[in-house]
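Okay, structure first, notes after.
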There are 2 protein chains.
Amino acid sequence: MNIQYTHKEEQIFQSALSLILDKGFHGTPMSQIAKASQVSIGTIYHYFESKDDLILQLFSYSKNKVSAFITDSVFDDPITKENYEEKFMIFWRRFISFYLKHPSIFSFLEQFYASPYYEMYQKKYCASNYSEDTINRFLNEGLSLNAIRKMSSHILYTFCLGSVIFLIRNSIYGQKKHTENQINQLIQTIWNGVKI
Amino acid sequence: MNIQYTHKEEQIFQSALSLILDKGFHGTPMSQIAKASQVSIGTIYHYFESKDDLILQLFSYSKNKVSAFITDSVFDDPITKENYEEKFMIFWRRFISFYLKHPSIFSFLEQFYASPYYEMYQKKYCASNYSEDTINRFLNEGLSLNAIRKMSSHILYTFCLGSVIFLIRNSIYGQKKHTENQINQLIQTIWNGVKI
DNA sequence: GCAGTTCGAATGAACATTCAATACACACAT
DNA sequence: ATGTGTGTATTGAATGTTCATTCGAACTGC
């Protein structure tokens with residue numbers, strides 16, 4: 001599941017991410033990625049077929065980082081109807097805190113999903129989204145345990161993820177940062193929406 | 001408040017929007033916008049200083065369209081604690097249906113907010129976001145009427161808008177369209193989250 | 001030697017932008 | 001009405017820049 005990347009590749013990915021965070025996809029030429037990652041342009045083209053390829057792989061790379069983080073520590077001990085609420089809180093807190101710690105990944109993914117690359121990606125790899133699956137698995141667990149009010153699982157997913165992502169977006173781009181307390185308030189409100 | 005645009009400008013804006021919907025900002029050269037709007041490149045540069053300028057003005061244009069739509073028919077008769085829930089439902093249904101009818105505006109705004117243009121815009125015009133204000137005004141009304149549970153108004157905003165936007169995004173880009181029923185389910189869930 | 005890396009100047013394509021020429025619209029004078 | 005002037009609108013070929021991408025040479029470790 002988790003592909004290993006060489007040191008060079010990591011270097012290139014990280015530089016690309018941080019450039020893209022403040023210049024955007026297309027404000028970030030290969031030449032700058034090369035400079036930032038301390039390699040020549042030629043080297044980048046040794047590892048990646050093209051800029052599109054780089055961006056597509058950067059997407060996989062980013063998703064892997066996210067998945068690796070989300071998965072652990074929520075599924076290790078069994079989920080029950082009784083501990084679901086607690087897990088729910090922990091799950092989303094972790095989710096939010098991950099992206100706040102890695103704004104460049106967040107920003108990249110946002111741009112990617114809102115761009116024609118995403119469609120390109122779906123056509124090329126038609127792979128199902130792993131982190132999406134993880135989230136869905138967790139939410140569906142809640143549905144079938146009767147810890148969450150009956151509703152379309154797709155709507156449930158949209159509801160939770162939407163507000164959480166929007167919070168992160170505002171935190172990263174917006175002027176007003178969120179306090180720990182506000183984050184808890186949001187998650188609490190989400191829970192109010194879905195609890196039985 | 002509402003600027004009038006000439007016929008030519010409208011034409012250019014509309015063509016630009018529809019190209020951007022499927023090609024993105026940077027996949028849309030000026031030459032194509034010209035062709036699509038049946039004018040020469042020179043004409044575009046007669047009306048707009050540069051591509052950046054065009055995009056910045058397209059942003060204002062789009063926001064005006066949205067604002068014009070959102071405002072009416074929710075604020076005409078007074079909001080009370082008793083009718084707030086009903087207004088809440090209507091408000092968000094209208095919001096969603098507007099964007100589903102105008103996917104190119106949605107897509108453009110999404111890309112814009114996630115791009116460095118937004119920052120550029122804030123610096124240049126430092127204008128407050130009108131549609132944001134409209135939404136906030138409506139939500140704050142709910143808070144002060146005690147129709148909505150006490151919480152940070154910023155979190156309230158994030159919570160509602162986030163999930164709604166995410167629904168629209170999925171509907172437009174995703175493979176699975178949403179039924180009327182699912183949309184109602186979402187709004188109902190949002191209401192559950194915030195109601196007293 | 002050989003396979004795998006790294007380099008960066010050279011190439012060519014795509015694109016934003018310019019500008020000089022042309023067409024149009026309207027006012028005013030004859 | 002007919003010309004004449006003036007400003008505005010429109011055109012698209014020409015320009016220059018920015019980039020993605022190529023490739024042959026040089027370097028590395030084995």
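These numbers come from a predicted model, not from an experiment. Below, chain A is the first sequence line, B the second, and so on; all start at residue 1.
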Q. Does the distance from a Lys or Arg side-chain N to an Asp or Glu carboxylate O, for B:Glu86 and B:Lys81, drop under 4.0 Å?
A. no

Do any N or O atoms of the protein come closer than 3.5 Å to N or O atoms of nucleotides 24-30 of chain D, and which pairs are they?
none

Q) Quick check: are there more than 12 heavy atoms from other residues, nucleotides or ligands sitting under 6.0 Å from NZ of A:Lys177? A) yes

Q) Looking at B:Phe59 versus B:Tyr121, is the centre-to-centre ring distance below 6.0 Å? A) yes

**Q.** Side-chain touch B:Arg93/B:Asn184, heavy atoms, less than 4.5 angstrom
**A.** yes

Q: Indicate yes or no: at least one non-hydrogen side-chain atom of A:Asn83 is less than 4.5 angstrom from one of A:Ile79.
A: yes

Q. Could you give the start and end, 5' to 3', of the contact zone on DNA chain C for chain B, using atoms under 4.0 Å from its heavy atoms?
A. C:dC15 to C:dT18

Extract all donor-acceptor atom pairs below 3.5 Å that involve side chains of residues 39-46 of chain B and protein atoms in other chains or at least two apart in sequence.
{"residue": "B:Ser40", "atom": "OG", "partner": "B:Gly42", "partner atom": "N", "Å": "3.3"}
{"residue": "B:Ser40", "atom": "OG", "partner": "B:Thr43", "partner atom": "N", "Å": "3.4"}
{"residue": "B:Ser40", "atom": "OG", "partner": "B:Thr43", "partner atom": "OG1", "Å": "3.3"}

**Q.** Salt-bridge criterion met for B:Glu110 and B:Arg169 (N-O under 4.0 Å)
**A.** yes

Q.
Using a strict heavy-atom distance below 4.0 Å, which residues from residues 14-36 of chain B are in contact with DNA chain C?
A. B:Pro29, B:Met30

Q: Would you please classify the geometry between the B:Tyr84 ring and the B:Phe138 ring as parallel, tilted or perpendicular, with 30° and 60° separating the classes?
A: parallel

(Q) Below 4.0 angstrom, which residues in residues 39-54 of chain A have at least one non-hydrogen atom near DNA chain D? (A) A:Ile41, A:Tyr45, A:Ser50, A:Lys51

Q | Neighbour count above 12 (heavy atom, 6.0 Å) for A:Glu10 CD | A | yes

Q | Worked check of ring pair (Phe, Tyr, Trp, His ring centres under 6.0 Å) between A:Phe106 and A:Phe98 | A | CA-CA 9 Å; A:Phe106 181 79; A:Phe98 173 80; over 10 Å; no

Q: Any pair with a residue in residues 14-33 of chain A that passes side chain to side chain donor-acceptor pair (under 3.5 Å), sequence neighbours left out, goes on the list, sorted by first then second residue, please.
A: A:Gln14-A:Tyr61

Q. Parallel, tilted or perpendicular for A:Phe95 and A:Trp92, by the 30°/60° rule?
A. perpendicular

